[in-house]
> 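Structure in structure tokens, see below.
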Protein chains: 2
Amino acid sequence: MATIALLGLEKKSLREQALAALRTAITSGALEPGRHLVETELSEMLQISRGTLREALRQLQQEGLVSAGARGRLSVRHLDAKEIRDIYSVRAALESLAARTLCELPDRQHVIGSLRASIQAMESATQGTLEERVESDLDFHRTMCRLTGNETLLHSWESLEGSIRMSIMFAGLEKGVRNMSVDRHNDIVAAIETGDATLARDTIREHMDSAAAVLVA
Amino acid sequence: MATIALLGLEKKSLREQALAALRTAITSGALEPGRHLVETELSEMLQISRGTLREALRQLQQEGLVSAGARGRLSVRHLDAKEIRDIYSVRAALESLAARTLCELPDRQHVIGSLRASIQAMESATQGTLEERVESDLDFHRTMCRLTGNETLLHSWESLEGSIRMSIMFAGLEKGVRNMSVDRHNDIVAAIETGDATLARDTIREHMDSAAAVLVA
DNA sequence: CAGAGGTCGACTGTTTACAGTCGCCGTGTT
DNA sequence: AACACGGCGACTGTAAACAGTCGACCTCTG
């Protein structure tokens, strides 16, 4: 196998570059689910030492992209239908909290603006590649979490992000993208704007349920 | 032979031992918040090499017990009142999902039994040390997440566990323990038993809100 | 031919060594 | 006295080496 490029991240530590490269390799399918990850092999691909690689792998493991087998053997995690549904349940819970938090803000104009901008970016990406559309979709949801100002919430969501990407990849990008609807996002923002936390929660739950359903179909 | 089985169970990697030791050191206050963590210093304390230590630190970092400063300098995370409230918000969201999931199970008898057993253990610990009482309390909540069978949910909760422990420590064990009520837990189980997800959610939220309020007071 | 060793190879666990960087502090200059 | 400079020490980033373990395959023996 050819080397995995570490482009665009020259400023950061090798560990972070490796982490990003591995994440991409896994969520893009270059490293297919179930694949056994051999440290010496990967460190050669990435042109880094094993020690540095191992640090990155620990992080990946915690994110759930990599799972441990006997004697520390690592492999790319394989997601089955139930796991995808589970991931989306947790995702829905986190994003519902995000929406509720935003609903309770006294002044939501700035928040609404940012969210609408994110939706706009998504509309612009309609003509782009599948990957770009997925990115813009995840951006919206990540933005929602970030705008709450709750770092713990954002961090929890981000540690789920890799699994979400894998879910989409697992089911095929087409399916994942087909489910992405600008309308749904507009509904969420509208609910937040009126401060209706219950409606926002229900909208998000429906969004997540149908997304999970499409992915496992 | 018993010895063979025991060998497999008690032998963990140095990394895991170090991880557990560091977690304990931080949540017990031996390593106070804000303290700068020097790798060579820690590796000497723990009698392990820096490489092994660094892997453990990455995991600790992801759990939020350790935060990174300039040039990779790590220090024990310091939680302020807002962060504690934020952590408990996310915790409430996750446990609400757990309760709702359990409410939707067709046959909940086994679950109810396990939860009541956990509460029983908590009552037994009433006479124990403060640490033991905190442990039994966390056990109940962790059990609730585990019983859902949603590994992602359990994992998300567990990655918050360290922060929860820090919150309790930050406010002083007495305060944390004073807030632990067997009644509250019984209320949660009762709600799950009747399948009333809304009631379970509200009970958990109140529980979490008041816990956070006590801790930051 | 079956099965008990026994060597080999492939990995992971762990340690040790080396390189780079930043702040500190003393020194010399003006 | 203020300031620029340069050596020094303290850390982190990174690499390379060493050790232990388990499975595969091969061989010898009954």
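Throughout, protein chains are lettered first and strands after them, A, B, ... in sequence-line order, and every chain is numbered starting at 1.
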> Please tell me which of Arg71(A) and Glu55(A) maps to the more 5' nucleotide of DNA chain D, matching each residue to the nucleotide holding its nearest heavy atom.
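Nearer the 5' end of the strand: Glu55(A).
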
> Is a salt bridge present between Arg58(B) and Glu55(B), judged by a nitrogen-to-oxygen distance below 4.0 Å?
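Looking at Glu55(B) together with Arg58(B), the answer is no, because their closest N to O distance does not fall below 4.0 Å.
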
> Taking the side chain of Ile48(A) as heavy atoms from C-beta outward, which of dA15(D), dG13(D), dT12(D) is closest to it?
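Comparing dA15(D), dG13(D), dT12(D) against the side chain of Ile48(A), the answer is dA15(D).
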
> Rounded off to whole Å, could you give me the CZ-to-C1' distance for the Arg15(A) and dG20(C) pair?
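Distance check: Arg15(A) CZ to dG20(C) C1' gives 17 Å.
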
> dG13(C), dG23(D), dT21(C): which one has an atom nearest the side-chain heavy atoms of Arg54(A)?
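The closest nucleotide is dG13(C).
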
> Is the shortest side-chain N/O distance from Thr52(B) to OP1 or OP2 of dT15(C) below 4.0 Å?
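Answer yes for this pair, as a side-chain N or O of Thr52(B) is under 4.0 Å from OP1 or OP2.
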
> Would you indicate what Leu37(A) reaches in the nucleic acid, counting non-hydrogen atoms under 4.0 angstrom: base, sugar-phosphate, or nothing?
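If one applies the 4.0 Å heavy-atom cut-off, Leu37(A) turns out to touch the sugar-phosphate alone, with no base involved.
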
> Taking the basic N atoms (NZ, or NE/NH1/NH2) and the acidic carboxylate oxygens, is any pair closer than 4.0 Å for Arg50(A) and Glu41(A)?
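Judged by the 4.0 Å cut-off on N to carboxylate O distance, Arg50(A) and Glu41(A) do not form a salt bridge.
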
> Please give, in whole Å, the distance from dA10(D) C1' to Glu44(B) CD?
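So the CD-C1' distance, Glu44(B) to dA10(D), works out to 13 Å.
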
> Between atom CD in Gln17(B) and atom C1' in dT15(C), what is the gap in whole Å?
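Roughly 16 Å, once rounded to whole Å.
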
> Considering all heavy atoms of both residues, which atom of Asp86(B) and which atom of Gly149(A) are nearest to each other, and what is their separation?
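Closest approach of Asp86(B) to Gly149(A): OD2-O, 3.8 Å.
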
> Take atom CD of Gln47(B) and atom P of dT14(C), then tell me their distance rounded to the nearest Å.
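From Gln47(B) CD to dT14(C) P: 14 Å.
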
> Using whole Å, what does the distance between atom P of nucleotide dC11(D) and atom CD of Glu41(B) come to?
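My rounded result for the distance is 7 Å.
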
> What's the CG-P distance between Leu57(B) and dC11(D), to the nearest Å?
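After rounding, the reported distance stands at 15 Å.
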
> What integer distance in Å separates Glu39(A):CD from dT14(C):P?
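Value for this atom pair: 11 Å.
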
> Which one, dG13(C), dT12(D), dT15(C), comes nearest to the side chain of Leu14(B)?
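Nucleotide nearest to Leu14(B)'s side chain: dT15(C).
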
> Tell me: CD of Gln61(A) to C1' of dG13(C), nearest whole Å?
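Atom CD in Gln61(A) sits about 14 Å away from atom C1' in dG13(C).
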
> Taking only the side-chain nitrogens and oxygens of Ser49(B), find out if one of them lies under 4.0 Å from OP1 or OP2 of dT15(C).
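Answer is yes, contact under 4.0 Å.
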
> Would you classify Leu42(B) as touching base, sugar-phosphate or nothing, given that sugar-phosphate means primed atoms plus P, OP1 and OP2, and contacts are heavy atoms under 4.0 Å?
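No contact.
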
> Any side-chain heavy atom of Ser28(B) sitting closer than 4.5 Å to one from Arg165(B)?
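No - every pair of side-chain heavy atoms lies 4.5 Å or more apart.
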
> Does this structure show an ion pair linking Arg133(A) with Asp137(A), if we count only N-O contacts that are shorter than 4.0 Å?
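Here Arg133(A) does not pair with Asp137(A) in a salt bridge, since their nearest N and O are not under 4.0 Å apart.
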
> Regarding Gly51(A), tell me which of base, sugar-phosphate or nothing describes its non-hydrogen contacts under 4.0 Å with the strands shown.
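Nothing, no nucleic acid heavy atom in range.
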
> Base of dG13(D), side chain of Arg50(B) - is there a donor-acceptor contact under 3.5 Å?
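Flag set: donor-acceptor pair detected.
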
